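Take a look at the structure below.
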Amino acid sequence: MSNKPRILVARAIFPDLLAKLEESYEVRSNQADAILSPEELQHELSGVVGALVAGSERIDANALAKAKDLKIVANISVGYNNFDVPAITAAGVMATNTPDVLTNTTADFGFALLMATARRITESEHWIRAGKWDKWSIVNNPLGMDLHNTTLGIIGMGRIGQGIAKRALGFGMNVIYHNRSRLPEADEKACGARYVSKEELLKTADHVVLVLPYTSENHHTIGAKEIALMKPTATLVNIARGGIVDDAALAQALKEKKIFAAGLDVFEGEPQVHPELLKLQNVVLAPHIASATEKTRRAMVELAMENLRAAIDGRKPPSLINAEVWKA
Ligand code: DGY
């Protein structure tokens, strides 16, 4: 039996990066990529000193019940709503995520989804594939909404929100934002954004993009009441997390054309998608791919690996969430 420290890699990763881990650790890996049940996760975490996990692994007191040797859970994701941070901290385990390395890729995607939604790009493609395009027409082709010279409202103005705002400047958009706390003036200036209340944002924006982290407080930040404040010509894009939007209320609003269209990369209960959304043409659907370029996904895994190595070697992980554990 090897005397290398034992670790868990809970989801499939790039084979060459797995091979690197195997040089230093005895790795329990899940290259089959089947999602572990809570019981399997609890079992797999027992006897390992570190674990690379993702949003699919809920790390809470139950998952940690037998993880007596565990020093770190390293999420391969910037969002960490799959972590019960107080429970992880109480267990004396370090928790880390992967900020920064995905900011630009995710902001690019947010902007792409916004454009696809406003300009009806996927709907148009379905239309062509269905053989419905028989002539160019001034009025009888899918007519969309402009982005240039319109108002973009961003809810959640962290690094990714600011990245989207900077891209919007290139399109001559007027950018307003709402956030838990207002940005320093220099940051507002750098992304040309003006702070407004959530209500003002919903009422005045032509396009609304959601980039806030998911917490129990912002569950259904956008529901029927908020959609009712939006312009009938507005679009809504969610690249944040499922649960931030009430998908049933959104589907109903899209069906009744209360807003123009929506673009969704994340869903309540994903990979399930609300069945009513699947029937609609005025919604662009993507399978949670905002950070999905090979370069960025590799960088996310590499940062998670660096966090894991640091914790096991007794160094402070670069993106530590619960600094209390390090101090203790
Ligand atoms: C993130 O990093 O939070 C992405 O949404 C992938 O989960």
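Counting starts at 1 for both ligands and their atoms, following the listed order. Note that the coordinates shown come from a computational prediction; the quantities given were computed from them, not determined experimentally. In what follows, every heavy atom counts, from backbone to side chain, and hydrogens, waters and symmetry copies are set aside.
- Across all non-hydrogen atoms, the minimal contact from R241 to G79 is NH2-CA, 3.5 Å.
- Sorted by chain and number, the residues within 4.0 Å of ligand 1 by heavy atom are S77, V78, G79, L102, R241, H288, M300.
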Exercise. Checking ring-ring contact (aromatic ring centres under 6.0 Å, His included) for the pair F267/H274: CA distance, chi angles, key distance, verdict?
Worked result: CA-CA 8 Å; F267 304 86; H274 194 289; over 10 Å; no

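- For the side-chain contact (heavy atoms from CB on, under 4.5 Å) test with L113, the passing option among I289, V237, L264, T235 is V237; the others fail.
- In summary, the side chains of Y177 and Q162 do not present any donor paired with an acceptor at a separation below 3.5 Å, with no hydrogens or angles considered.
- We find that K225 and E199 are not joined by a salt bridge, their nearest charged nitrogen and carboxylate oxygen being 4.0 Å or further apart.
- Judged purely by distance below 3.5 Å, without hydrogens or angles, the side chains of R11 and N30 never pair a donor atom with an acceptor atom.
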